[in-house]
Amino acid sequence: MPNPPSATEVLSFSVADGTRLSVYRDTPVRPRPGSATVVLVHGASVTADLWRVHTRHLTGLGLTVVRYDQRAHGHTPRGQAPLTIRQLSDDLHHILTHVVPAGPLVLAGHSLGALVLQELAALHPQHQARVQGMVLLSPTARGASVLPGRDPRAWLLAAGRSLAALTCTRAPRTVDFLRHRLPTTHPYSLSPHPDRAADAPPPCRHGILHTHTRDLADLWQCLRRYQPRNATVLNQFGDRLLLMAGADDRHIPAAHTKQLAAQLPAARLEILPRTTHALPIRHPELISDRIARLAADPSPHLPHPQDRSFPNSPLSGQFH
């Protein structure tokens with residue numbers, strides 16, 4: 001049965017450095033009384049369109065969804081402020097303050113978005129009392145690394161990543177020159193921004209197509225140099241915190257997510273087999289189910305923390 005329709009409201013407002021953040025609020029036709037607002041934070045080099053399927057599922061359950069293009073992504077420009085995890089968490093703080101000023105929240109973020117949520121919890125504790133639950137997809141307790149493992153394939157991948165990162169950092173204009181000459185169908189092409197109005201998030205592929213190499217390089221450097229704060233601040237959420245990772249993730253290995261989980265004894269951990277870093281795209285229904293459970297009930301029935309999973313889901317059987 002198709003999900004009931006929802007209305008998307010496009011919002012835009014300026015933060016301290018003058019950057020106008022593009023925010024999308026999806027409101028269901030039949031809102032569920034007393035439920036939390038779901039706020040979704042995408043990762044690097046994509047857009048808020050990452051959450052298209054999740055949003056359709058969640059609004060179909062009567063939940064209001066807020067998603068946005070992070071700075072230097074989609075319809076949100078880079079701005080004048082340094083491109084750092086702290087700045088990105090400040091941007092989210094402003095969104096929560098102005099777009100969802102009251103009521104319970106469930107926050108979910110993927111990769112870079114998970115780091116932003118971790119930073120938000122440490123730097124903006126005023127939101128803690130409102131957070132009914134948090135889902136971190138492909139989270140880590142360390143900065144980014146080019147080396148995803150210790151096997152020969154991982155070392156080859158690391159060599160290629162290192163060369164690409166060095167080239168993009170030292171010669172971004174040259175890389176842009178070459179990207180402009182790639183076919184528009186190429187995944188690393190640098191295409192001009194579309195002329196259409198910003199009435200919805202640009203497709204995810206535009207996260208790369210419309211992002212200059214200098215911005216991509218700066219984003220990589222901020223991830224590489226990132227010094228995570230004390231992760232135990234997340235212990236305040238207890239078993240309302242869910243960590244999810246793909247067993248075959250070559251960007252943020254599942255081992256890194258497990259290291260974070262080890263610091264959070266009450267949190268739940270779910271490792272999905274045969275799943276890469278494209279976790280939100282591969283399993284949107286499963287992730288939406290996890291988010292919806294937290295949003296619908298401030299004290300959902302959860303398993304013992306040692307179980308480290310979400311059993312009894314109508315979707316979970318496909319992963320066993």
Side-chain angles (χ1 to χ4, degrees), residues 25-26 28 31-43 50-51 54-55 57-68 89 92-93 95-96 99-111 113-122 124-139 231-245 257 260-261 263-272 279-280 283-316:
R25 179 162 52 197
D26 300 279
R32 180 182 296 184
S35 60
T37 297
V38 176
V39 180
L40 304 174
V41 189
H42 68 76
L50 174 75
W51 307 110
H54 309 75
T55 296
H57 179 84
L58 293 167
T59 56
L61 296 173
L63 301 172
T64 296
V65 175
V66 171
R67 51 200 170 121
Y68 66 104
S89 75
L92 178 55
H93 160 67
I95 289 172
L96 297 180
V99 179
V100 199
L105 301 166
V106 169
L107 310 178
H110 174 239
S111 192
L115 284 179
V116 171
L117 291 181
Q118 292 167 237
E119 191 87 341
L120 179 83
H124 299 284
Q126 61 268 47
H127 301 295
Q128 292 173 5
R130 300 174 55 203
V131 178
Q132 189 166 291
M134 185 180 292
V135 179
L136 302 180
L137 307 173
S138 304
T232 58
V233 69
L234 297 173
N235 275 319
Q236 64 189 300
F237 300 117
D239 61 5
R240 295 176 294 116
L241 173 65
L242 172 63
L243 312 180
M244 300 181 73
T257 300
L260 175 61
Q263 303 177 48
L264 306 168
R268 288 163 293 124
L269 171 66
E270 191 164 3
I271 306 297
L272 303 185
L279 173 62
H283 301 300
E285 292 84 4
L286 178 69
I287 292 168
S288 300
D289 173 77
R290 303 312 193 235
I291 294 171
R293 289 183 180 219
L294 292 167
D297 187 350
S299 55
H301 175 69
L302 300 174
H304 189 278
Q306 289 183 351
D307 292 343
R308 312 293 271 183
S309 64
F310 240 141
N312 304 323
S313 165
L315 300 170
S316 61

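Scope of the values below: all heavy atoms of this structure, side chains included, with no hydrogens, waters or symmetry mates.
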Got a second to check how far Arg67's CZ is from Thr55's OG1, nearest 0.5 Å?
4.0 Å

With side-chain contact (heavy atoms from CB on, under 4.5 Å) as the test, pick out the partner of Pro139 among Thr257, Leu264, Leu117.
Thr257

Do you know the tightest heavy-atom contact between Leu260 and Ala231?
CD1-CB, 3.6 Å

Measuring from atom CZ of Arg293 to atom CG of Leu242, what distance do you get when rounded to the nearest 0.5 angstrom?
10.0 Å

Can you give me the closest heavy-atom contact between Pro280 and Ile287, atom names plus distance?
CA-CD1, 3.6 Å

Any non-hydrogen side-chain atom of Leu286 less than 4.5 Å from a side-chain atom of Met244?
yes

Would you list the atom pairs, donor with acceptor, under 3.5 Å between side chains in residues 33-41 and any protein atom, with sequence neighbours excluded?
{"from": "Ser35", "atom 1": "OG", "to": "Arg32", "atom 2": "O", "distance (Å)": "2.8"}

So, do Glu270 and Arg290 sit near enough that their side-chain heavy atoms are less than 4.5 Å apart?
yes

What one should report as the nearest heavy-atom pair of His57 and Ser288 is CD2-CB, 3.1 Å

Separation between CG (Leu243) and OG (Ser138), nearest 0.5 Å, reads 10.5 Å

How many angstroms lie between atom OG1 of Thr59 and atom CG of Asp26, to the nearest 0.5 angstrom?
6.5 Å

Shortest non-hydrogen separation from Asn235 to Pro265 and the atoms involved
OD1-CD, 3.6 Å

Looking at residues at least two apart in the chain, or sitting in another chain, which of them share a side-chain hydrogen bond (donor to acceptor under 3.5 Å, both in side chains) with Gln118?
none

Measure across Ala121 and Val233 and return the closest heavy-atom pair with its distance rounded to 0.1 Å.
O-CG2, 3.9 Å

Taking the six-membered ring for Trp, are Trp51 and His54 parallel (under 30°), tilted (30 to 60°) or perpendicular (over 60°)?
perpendicular

With sequence neighbours left out, the residues meeting salt bridge (charged side-chain N to carboxylate O under 4.0 Å, His left out) with Arg130 are none

With no hydrogens and no angle check, is any side-chain donor or acceptor of Arg240 less than 3.5 Å from a backbone partner on Val131?
yes

Would you say the side chain of Thr64 lies within less than 4.5 Å of the side chain of Val100, judging by non-hydrogen atoms?
no

Side chains of Leu63 and Ile291 in contact at under 4.5 Å (non-hydrogen atoms)
no

Mind telling me whether Tyr68 and His42 have parallel, tilted or perpendicular rings, with 30° and 60° as the class edges?
tilted

How close do Leu294 and Gln132 get, counting heavy atoms only, and between which atoms?
O-NE2, 2.6 Å

Checking Leu234 against Met134 for the side chain to side chain contact (heavy atoms under 4.5 Å, CB included) test, could you report, in this order, the C-alpha distance in whole Å, the side-chain angles of both residues, the deciding distance, and whether it holds?
CA-CA 9 Å; Leu234 297 173; Met134 185 180 292; 4.2 Å; yes

